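Every heavy atom of this structure was used, including side-chain atoms; hydrogens, water molecules and symmetry mates were not. Since the structure is predicted, the reported quantities are computational estimates derived from the model, not experimental observations.
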Amino acid sequence: MMKTKMKAMIFAAGLGTRFKPWTDHHPKALAMVNGKSLLQRNIEYLQQYGIREVVVNVHHFADQIITAVENSGGWGSAVMISNESNEVLETGGGLLKAASLLKGSPFITINADVLTELDLNKLMQFHEQEQALISFGITDRKSTRNFLFDENSRLQGWVNLATGQFRFPPGSVYTAENAMDQLTPKAYSTVVVFSPEIFSLIKQEGKFSLVDVYLDLAADHKIMGFDHSGDRFIDVGKPESVAQAEKLFK
């Protein structure tokens, strides 16, 4: 259980284009894994750590998620809806829109299509120890898009291995030529702990990704990677991922 009462946000607004044909008629967050939706599984995952106040952002088939939450009584949690029906805002814009529901203390975010056994107590302990602004789960799993970390597990950049595109914080000493020799690529788990001052530091507006926020702030603030390689983890991004998820998460 967390020492302090925390809130969390589950990102469930995405269009789920990789998850067609299910997402032609349903939100991906309601895709089933062994009889429970991804959304229910993540709400129950947070409950293991005493987190029972959860914000869920909605856009694609928003009414289906709202109905599922109402019919289930939030699966035992107090679920607050952040409605993005007018425009999907991506993860960064979605977080900013939900600021009034999350302000005041550290909070956790997770993508609805991720299932993991990352220990949130250990993530929070790491975050406090490092006195970080943001700390997020990372692993050694194979991924085309990776964050890049120095020897102290501090964020220094981002790379798309498929396209060769690199991104670095403002004023970085790293370049596309030296980054892969000097930094360690790790895959993003989407489980993140934010310190409450994040909302006063985000410069972006409208529709934007959390990746933009991380890279914008990494030069002046500690953004840390918590390696939990070896834990059960799956990104249920495509329909074929469901069978694999059902083997991992009963």
| field | Contact check, side chains of I223 and F136, non-hydrogen atoms, under 4.5 Å | value | yes
| message | Restricting to ring pair (Phe, Tyr, Trp, His ring centres under 6.0 Å), what partner residues turn up for F208, sequence neighbours left out? | response | none
| task | Just say parallel, tilted or perpendicular for the rings of Y214 and Y188, cut-offs at 30° and 60°. | result | perpendicular
| message | Under a plain distance cut-off of 3.5 Å, with no hydrogens placed, do S143 and R145 share a side-chain donor-acceptor pair? | response | no
| task | Could you tell me whether the side chain of L95 reaches within less than 4.5 Å of the side chain of M9, counting heavy atoms only? | result | yes
| Is there a donor-acceptor pair closer than 3.5 Å between any side-chain N or O of T23 and the backbone N or O of H26? | no
| Reference residue F194; test side chain to side chain contact (heavy atoms under 4.5 Å, CB included); the match among L102, L133, L210, I108 | L210
| task | Please tell me if the side chains of L115 and N42 come closer than 4.5 Å, counting only heavy atoms from C-beta onward. | result | yes
| said: Measuring from atom CE of M32 to atom CD of E246, what distance do you get when rounded to the nearest 0.5 angstrom? | reply: 9.5 Å
| Donor-acceptor pair, side chain of Y49 and main chain of M6, under 3.5 angstrom | no
| note | Here the ring pair (Phe, Tyr, Trp, His ring centres under 6.0 Å) pairs for residues 108-129, sequence neighbours left out, are F126-F226
| request: Look only at the side chain of N57 and the backbone of G94, and say whether a donor-acceptor pair between them is shorter than 3.5 Å. | output: no
| Does E117 reach the main-chain N or O of R232 with its side chain, forming a donor-acceptor pair under 3.5 Å? | yes
| task | Determine, for E130 against R154, whether the closest basic-nitrogen to carboxylate-oxygen distance falls under 4.0 angstrom. | result | no
| request: May I ask you to list the residues sharing a hydrophobic cluster with M180, side-chain cutoff 4.5 Å, ordered by chain and number? | output: L148, V159, L161, F166, F168, V173, Y174, L183
| field | Gap separating the NZ atom of K122 from the CD atom of Q129, nearest 0.5 angstrom | value | 12.5 Å
| request: For S77 and Q47, run side-chain hydrogen bond (donor to acceptor under 3.5 Å, both in side chains): C-alpha distance rounded to whole Å, both residues' side-chain angles, the deciding distance at 0.1 Å, then the answer. | output: CA-CA 8 Å; S77 288; Q47 287 171 355; 2.8 Å; yes
| query | So do L123 and S135 actually touch side chain to side chain, heavy atoms under 4.5 Å? | reply | yes
| Positive for side chain to side chain contact (heavy atoms under 4.5 Å, CB included) with H59, one of V88, L89, I65, N86 | V88
| Please walk me through it: do L217 and K203 pass side chain to side chain contact (heavy atoms under 4.5 Å, CB included)? | CA-CA 9 Å; L217 297 177; K203 301 183 184 77; 4.2 Å; yes
| task | Could you state whether V55 and L38 fall into the same hydrophobic cluster, counting links through intermediate Ile, Leu, Val, Met, Phe, Trp or Tyr residues with side-chain heavy atoms under 4.5 angstrom apart? | result | no
| said: I want to check something: taking the side chain as every heavy atom from C-beta on, are E70 and I66 in contact at a cut-off of under 4.5 Å? | reply: yes
| query | How about K186 and T184: do any of their side-chain heavy atoms sit closer than 4.5 Å? | reply | yes
| task | Any chance you could measure S189, atom OG, to I110, atom CD1, to the nearest 0.5 Å? | result | 9.0 Å
| T67 (side chain) donor-acceptor with Q64 (main chain) under 3.5 angstrom | no
| Enclosure of Q182 CD (heavy-atom neighbours >12, cutoff 6.0 Å) | yes
| message | Under 4.5 Å between side-chain heavy atoms, counting indirect links through other Ile/Leu/Val/Met/Phe/Trp/Tyr residues: same cluster for F61 and L15 or not? | response | no
| message | Enumerate the side chain to side chain donor-acceptor pair (under 3.5 Å) contacts for residues 91-112, please, sequence neighbours excluded, ordered by first and then second residue. | response | none
| task | I would like to know whether D235 and D113 meet side chain to side chain contact (heavy atoms under 4.5 Å, CB included); could you show each step before the answer? | result | CA-CA 6 Å; D235 171 1; D113 57 359; 3.9 Å; yes
| message | I need the full list of side chain to side chain donor-acceptor pair (under 3.5 Å) pairs touching residues 155-166, with sequence neighbours left out, sorted by first then second residue. | response | D150-Q156
| With sequence neighbours excluded, residues passing ring pair (Phe, Tyr, Trp, His ring centres under 6.0 Å) with H228 | none
| With a cut-off of 6.0 Å (strictly less than), are more than 12 heavy atoms of other residues, nucleotides or ligands near CD of E240? | yes
| query | Taking the six-membered ring for Trp, is the centroid-to-centroid distance between F199 and F107 below 6.0 Å? | reply | yes
| Yes or no on side-chain hydrogen bond (donor to acceptor under 3.5 Å, both in side chains) for D212 and Q204, after CA distance, side-chain angles and deciding distance? | CA-CA 8 Å; D212 303 329; Q204 292 82 358; 5.6 Å; no
| query | So, do M80 and V56 sit near enough that their side-chain heavy atoms are less than 4.5 Å apart? | reply | no
